[in-house]
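Worksheet: the structure to be examined is printed underneath.
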Amino acid sequence: MDKIKIMYILRNAEGGMKNHVQSLIERINADRFQPVLVCPGTIAAKIQVNCKVYKMEISDVLSPRQDWYLLKHLRKIMENENPHIIHAHGAKASFLAKWAARKANVPALLTTAHNFIYQSPTPWLKGRIFSYLQKHFAPPNDHYISVSKALAKSICKNENISLDKMSVIYNGIDLKQFELLLDCHAAKEALHLDIKEPVVGVIARLIPQKGVHHFLKMADIISKKLPGCQFLIIGNGPQRDILIKQAHNMGIEARIIFLGHREDIPVLLPIVNVLVIPSLSEGMSITALEGMAARRPIVAYNTGGLSEIIIHEENGLLIKRGDITRLAQAVLELLVFRKKAERLGNAARKTVEASFTVEKMIQETEKVYEKILTAKGLKLSKDNPSKIAISP
């Protein structure tokens, strides 16, 4: 048989999920695996992968008529490609992939869960409906991957999945991207920032779950203590106009810089004195790992999988979710006590080096692929590890 063909299915997603899939496709062992990607056209235009790409407008909204059309289209793609494994990313992509894979007789189906969909701020009714559909109507997955232990626990509980069908594989970072020698003064000037004043940043898709509205309230508190402090909001999303209006109404628009979506995060991070992660819901923050890789001190809400990578007072600061006053106090503390900020940043880098590299993520994912194939009666050929054969 040919190489093991993995079909990745991705909904319309920016940020961490998109970067995760791109890393898998770019770095998977090309001698053994052949990737194929199915994703929306907007993602196909941005993602940089060297494989066959099918464009399909998969959203995260349940729409029976549109989803029925997508299901038939997805089935045809599967029948045309004959993949050995379907690897869906996100709940909606997984829901469609389960039905299409069953109809197309695909040997194995795997889903990676990236985000919480059964807790606030996701609408309660939406989460309950989706949980009911997954439990009672959707065909089962052969295996699941979660990007954090906290998320794995939530998924297993709400979808009635046994623990032996769930693996936790943390997101991984390419450390080489965060080993730049950068003139921070020049970088600040390029963004029209005052080189003498500190910068506090947030990198997030501008949606309610990411808590950027909390970041603005925090910025208002800090501005009263440090009037020169500057605040970067890196990312785009449907809440952009609402957040701009919020900053204006609070009278802090002069201190807030909305940079929009940026692909040069490793270049921007060194000019950020403190990175804030005010997420109200977070599976496993790639932004946190990127900041840690860049030796940035991080202040984050203690939610989701963040406590699995950030140890309070050792490699960052964790704050009770929703406590904006304490969030501001923690950021001020790191802006004032620079040696503490440096200590936390250096410890954060060591944490990523030890446990959160992209190489480790890829290796563990490949092991899951092999585990699924073995369970299905397929195994790697001993004579040629790039091929698979039917087990006797």
Side-chain angles (χ1 to χ4, degrees), residues 6-22 25 35-47 49 51-83 85-106 109-119 121-142 144 155 158-159 205-210 236-242 261 281 283:
I6 313 293
M7 179 175 287
Y8 296 94
I9 303 177
L10 176 65
R11 65 165 171 82
N12 191 18
E14 295 288 350
M17 192 183 297
K18 176 181 74 68
N19 295 339
H20 179 102
V21 173
Q22 180 170 319
I25 295 175
V36 176
L37 175 63
V38 179
C39 68
T42 53
I43 302 302
K46 296 176 183 178
I47 200 165
V49 292
C51 71
K52 185 183 292 186
V53 178
Y54 289 90
K55 298 177 184 178
M56 180 180 290
E57 302 308 311
I58 304 173
S59 73
D60 59 353
V61 178
L62 288 172
S63 173
R65 179 178 296 181
Q66 178 68 9
D67 291 346
W68 178 252
Y69 168 78
L70 292 175
L71 186 62
K72 292 194 295 183
H73 188 194
L74 189 55
R75 175 184 176 181
K76 289 180 180 179
I77 293 174
M78 291 180 183
E79 289 173 342
N80 181 55
E81 288 293 334
N82 291 314
I85 298 175
I86 297 295
H87 190 170
H89 290 263
K92 179 61 178 296
S94 173
F95 189 73
L96 292 174
K98 288 177 180 180
W99 291 102
R102 170 179 279 190
K103 296 291 185 180
N105 295 316
V106 176
L109 178 63
L110 168 69
T111 290
T112 291
H114 293 264
N115 302 304
F116 288 90
I117 62 171
Y118 300 119
Q119 70 173 41
T122 299
W124 180 86
L125 182 59
K126 177 183 176 181
R128 291 301 95 199
I129 291 174
F130 204 85
S131 177
Y132 183 81
L133 292 173
Q134 291 283 58
K135 280 184 178 180
H136 300 288
F137 292 100
N141 264 3
D142 293 294
Y144 298 79
I155 296 293
N158 285 283
E159 297 187 20
R205 180 158 166 74
L206 304 186
I207 54 177
Q209 294 94 309
K210 296 301 181 180
N236 219 333
Q239 278 207 312
R240 179 183 172 89
D241 291 343
I242 295 173
H261 177 75
S281 176

Which value, rounded to the nearest 0.5 Å, describes the distance between [X] atom [atom1] and [Y] atom [atom2]?
X	Y	atom1	atom2	value
His20	Tyr8	NE2	OH	8.5 Å
Leu206	His261	CG	NE2	11.5 Å
Cys39	Ile58	SG	CD1	8.0 Å
Arg102	Ile86	CZ	CD1	14.5 Å
Lys18	Arg205	NZ	CZ	11.5 Å
Glu57	Leu70	CD	CG	8.5 Å

Exercise for the section: Give the ring-plane orientation class for Tyr69 versus His73, where under 30° counts as parallel, over 60° as perpendicular and anything between as tilted. Expected result: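 Aromatic pair Tyr69/His73 classed tilted.
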
Handout entry: Side-chain donor or acceptor of Gln22 paired with backbone N/O of Val49 under 3.5 Å
Key =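 Side chain of Gln22 to backbone of Val49: no pair is present.
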
Problem - Sidechain-backbone polar pair: Asp142 side chain, Leu109 backbone, donor-acceptor under 3.5 Å - result: yes

Practice task
Measure the shortest side-chain to side-chain distance between Ile207 and Pro238 over non-hydrogen atoms and say whether it is less than 4.5 angstrom.
Solution key: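 SC-SC contact between Ile207 and Pro238 confirmed.
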
Exercise for the section: Could you check if a side-chain atom of Pro208 sits within less than 4.5 angstrom of a side-chain atom of Gln239, using non-hydrogen atoms only? Expected result: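 Yes - at least one pair of side-chain heavy atoms lies under 4.5 Å apart.
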
Practice task
List the steps, then state whether side-chain contact (heavy atoms from CB on, under 4.5 Å) holds for Ile77 with Met7.
Solution key: CA-CA 10 Å; Ile77 293 174; Met7 179 175 287; 3.7 Å; yes

Fill in the blank from the handout: In terms of heavy-atom contacts, Leu110 and Ile85 come closest through CB-CG2, 4.4 Å

Completion exercise
Residues Cys51 and Ile25: closest non-hydrogen pair is SG-CG2, 3.8 Å

Exercise for the section: Kindly determine whether Tyr54 and Asn80 satisfy side-chain contact (heavy atoms from CB on, under 4.5 Å), including the steps that lead there. Expected result: CA-CA 11 Å; Tyr54 289 90; Asn80 181 55; 2.9 Å; yes

Handout entry: Working for side-chain contact (heavy atoms from CB on, under 4.5 Å), residues Ile9 and Leu96
Key = CA-CA 9 Å; Ile9 303 177; Leu96 292 174; over 6 Å; no

Problem - Pairing residues for Asn12 by the side chain to side chain contact (heavy atoms under 4.5 Å, CB included) criterion, not counting sequence neighbours - result: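 If we apply the side chain to side chain contact (heavy atoms under 4.5 Å, CB included) test to Asn12, skipping adjacent residues, the hits are Pro40, Thr42, Ile43.
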
Problem - Residue pairs passing the salt bridge (charged side-chain N to carboxylate O under 4.0 Å, His left out) test where at least one lies in residues 68-83, sequence neighbours excluded - result: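 Every pair satisfying salt bridge (charged side-chain N to carboxylate O under 4.0 Å, His left out) with a residue in residues 68-83: Lys5-Glu81, Lys52-Glu81, Arg75-Glu79.
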
Exercise for the section: Starting from the C-alpha separation in whole Å, work towards a yes-or-no answer on side-chain contact (heavy atoms from CB on, under 4.5 Å) for Asp67 and Lys92. Expected result: CA-CA 10 Å; Asp67 291 346; Lys92 179 61 178 296; 3.1 Å; yes

